[in-house]
Chemist: 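Mind having a look at this structure? Questions to follow.
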Amino acid sequence: MEYIVKTENLSKHFGQEKAVSGLEMKIPKGEIYGFLGPNGAGKTTTIRMLLGLMKPTSGRIEIFQNDLKQERLNILRRVGSLVESPSYYPHLTAKENLEALRKIVGVPKQRIDEVLEIVRLTAAGDKKVKGFSLGMKQRLGIAASLLNNPELLILDEPTNGLDPSGIIEIRNLIKSLPSECGMTVLISSHLLSEIDQMATTVGIVTKGKMIFQDSIEAMRMFAQQSVLLKVSESDKAWRTLLGRGMKAGLDNGIISLPEQSDENVAETVRGLVADGFSVYRVEEERRSLEDIFLQMTREEQAG
Amino acid sequence: MMGKLLSAEFMKIKRKGIWFLTVLGPIGVVAMQMVNYGVRKDYLFGQNDDRWGYYLDNIHSFTPLAIVLGIVILTSFMSSIENETNAWKQLMALPVSKMSVYLSKFTVLSLLLLISSVLLLLFTLAFGISLDLGGEIPYDGLLKYSFYPFFAALPVLALQLWAAAVSVNQGVPITLGIVGVILTYAGYALPDWLIWKWPLLLNEWEEPIINVLLGAGTGLFLYAAGMIDFVRRDVK
Ligand SMILES: Nc1ncnc2c1ncn2[C@@H]1O[C@H](COP(=O)(O)OP(=O)(O)OP(=O)(O)O)[C@@H](O)[C@H]1O
Ligand SMILES: [Mg+2]
């Protein structure tokens with residue numbers, strides 16, 4: 001598989017604190033990689049290292065299959081980024097801000113209007129950024145990251161400070177990038193719901209360690225689904241199941257069966273019917289990714 | 001790469017009052033003598049037969065302070081551009097080397113100070129002529145008094161730029177700057193090795209060129225040391 005970003009044993013220590021340790025990040029081409037973790041997990045630190053803003057304590061970073069240490073400038077030419085809160089020059093207008101960056105990345109002037117259009121800031125292009133709302137500044141930051149038509153776009157919490165409609169807009173924009181522009185996107189967040197709606201691949205980091213990295217489907221699979229049964233005389237039915245040596249829970253008159261294969265479920269239902277219980281409903285419990293995430297981080301902390 | 005960076009830097013210093021200060025400095029220095037000569041022209045003319053030379057000495061009595069103060073304020077303004085919203089991280093994530101970013105800041109500051117020096121020369125000359133000092137215009141001395149302080153002050157520039165670029169707390173470069181201005185102000189009474197005294201162009205051999213060479217050499221050294229440290233550090 002062709003990896004756009006690949007880190008080997010990447011670590012960053014601040015004195016005693018291990019902000020990132022032994023991180024193996026792999027981002028396949030064309031994916032939207034959701035980099036997920038609670039506050040202080042090491043997301044920003046990792047992203048800063050990917051951009052060469054911080055030197056790793058140890059480990060290696062490969063981007064576009066080139067070593068970042070040796071090819072930093074050539075790599076950065078093809079990368080767009082927004083790290084943490086957006087940076088801007090408040091005394092300049094939005095266009096002047098982009099122009100100051102454009103001069104360095106060296107794309108045609110018209111690109112400024114294009115990126116302003118993409119983030120819907122065209123109308124505010126000639127206003128000083130000092131007076132922008134937080135959301136507008138965030139959009140400007142995203143516009144800046146798109147300036148050089150990057151092949152890899154790295155966005156650190158890009159929907160910070162946006163209102164719901166702004167979030168949806170940016171989400172749709174990000175979703176469209178891989179197919180329309182052939183981009184690979186790395187997007188960090190501490191909100192699972194956000195990643196859930198955009199990402200195709202997920203990496204979960206906590207306390208500087210990667211605890212999960214796979215496709216979003218695999219992540220959903222990882223969730224231990226239980227099957228819920230609504231039956232008549234639930235209390236009695238539950239005891240019957242326990243009597244047969246099955247693992248079952250009872251909650252609010254609903255029986256839950258953890259991790260059951262299709263056959264097992266069929267078997268259980270047949271048994272209950274044979275014993276004279278009415279089975280009203282058989283359904284799968286849909287656990288939110290939030291639960292999965294919490295469970296994963298909790299397991300990590302326990303272990 | 002330097003060309004692109006410089007044009008971006010000049011774009012960023014717009015509307016920051018930086019150009020205003022660059023012009024204000026030399027105007028201030030000459031304006032002091034306008035007051036001085038306006039109030040007691042006859043007395044001052046009687047002080048020395050070499051009226052041009054005396055006039056230039058008077059001008060120079062404020063230049064060192066103006067240039068050190070100018071360096072402190074300009075570096076602080078310049079670094080505030082990147083520090084205000086921590087734009088360092090945005091700038092350094094572009095395909096630019098940290099060295100060239102540092103060099104571009106130093107270059108812009110040097111150019112601004114050089115422009116100030118040229119203006120100082122022009123204003124000094126213009127007011128000198130209007131004073132009707134008589135005798136030949138000492139272009140030699142004019143050039144010396146206009147440009148020597150700049151070179152002699154390069155170590156201060158290098159030091160202030162480094163402090164402003166690497167300090168998370170901008171109180172550090174500002175404190176350093178205030179101490180520097182006081183040292184320059186009190187320069188006559190201080191030992192020669194203090195870099196803040198050098199713009200006064202004083203040394204025991206009475207050869208101002210020594211301050212120029214020392215300033216350029218030490219300035220280059222401090223610049224290189226500052227740049228290496230800046231490159232070595234993680235971006236703020
Ligand atoms: N420059 C620094 N010096 C010292 N410690 C740091 C530095 N930068 C980050 N850290 C520490 O490293 C850890 C990881 O921080 P990081 O900013 O990478 O987290 P994050 O995942 O981005 O969190 P958030 O969701 O809050 O943005 C934190 O404990 C933080 O205190
Ligand atoms: Mg962060």
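Here is the naming used below: chain letters follow the sequence lines, and residue numbers restart at 1 for every chain.
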Chemist: On a heavy-atom basis, which atom in A:A100 and which in B:K12 lie closest, and how many Å separate them?
Modeler: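 Heavy-atom minimum between the residues: CB-CG, 4.1 Å.
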
Chemist: For B:M34, does the CE atom have more than 12 heavy-atom neighbours from other residues, nucleotides or ligands under 6.0 Å away?
Modeler: yes

Chemist: If you measure from CE on A:M49 to CG on B:D234, what distance do you get to the nearest 0.5 Å?
Modeler: 9.5 Å

Chemist: Do side-chain atoms of A:H91 reach the backbone of B:I13 as a donor and acceptor pair under 3.5 angstrom?
Modeler: no

Chemist: Check whether more than 12 heavy atoms from other residues, nucleotides or ligands sit under 6.0 Å from atom CZ of B:F127, and answer yes or no.
Modeler: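 Counting other residues, nucleotides and ligands, CZ of B:F127 exceeds 12 neighbours.
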
Chemist: Other residues, nucleotides and ligands only: do more than 12 of their heavy atoms fall within 6.0 Å of CZ on B:F221?
Modeler: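 Open: at most 12 neighbouring heavy atoms sit under 6.0 Å from CZ of B:F221.
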
Chemist: Taking everything shown except A:R120 itself, do over 12 heavy atoms lie less than 6.0 Å from its CZ?
Modeler: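 Open.
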
Chemist: Output the distance between atom CZ (A:R72) and atom CE (B:M92), rounded to the nearest 0.5 Å.
Modeler: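 Going from the CZ atom of A:R72 to the CE atom of B:M92 covers 8.0 Å.
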
Chemist: Minimum heavy-atom separation for A:L73 and B:S97, please, with both atom names.
Modeler: CD2-N, 3.9 Å

Chemist: Looking at B:K89 and A:D156, is there a salt bridge between them, counting it only when a charged N and a carboxylate O are closer than 4.0 Å?
Modeler: no

Chemist: Report, as yes or no, whether the 6.0 Å neighbourhood of atom NZ on A:K18 holds more than 12 heavy atoms from other residues, nucleotides or ligands.
Modeler: no

Chemist: Out of curiosity, A:S87 OG to B:L91 CG, how far, rounded to the nearest 0.5 Å?
Modeler: 9.5 Å

Chemist: Rounded to the nearest 0.5 Å, how far apart are OG1 of A:T93 and CZ of B:R15?
Modeler: 6.5 Å

Chemist: Donor-acceptor pair, A:K55 side chain versus B:R232 backbone, under 3.5 Å?
Modeler: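 Present.
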
Chemist: In Å and rounded to the nearest 0.5 Å, what is the CE to CG distance from B:M11 to A:L101?
Modeler: 10.0 Å

Chemist: Starting at CG of A:L53, measure out to CD of B:Q90 and round the result to the nearest 0.5 Å.
Modeler: 11.0 Å

Chemist: Against chain A, work out which of B:K98, B:K236, B:E9, B:R233 has the most heavy-atom pairs shorter than 4.5 Å and name it.
Modeler: B:K236

Chemist: Heavy-atom distances under 4.5 Å only: say whether A:R48 touches chain B with side chain, backbone, both or neither.
Modeler: side chain

Chemist: Of all the heavy-atom pairs spanning B:T85 and A:Y88, show the shortest one and how long it is.
Modeler: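 Of all heavy-atom pairs spanning B:T85 and A:Y88, the closest is OG1-O, 2.6 Å.
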
Chemist: Using a cut-off of under 4.5 Å on heavy-atom pairs, state which of A:E84, A:R77, A:E96 scores highest against chain B.
Modeler: A:E96

Chemist: Answer yes or no: are there more than 12 heavy-atom neighbours, outside B:M1 itself, under 6.0 Å from its atom CE?
Modeler: yes

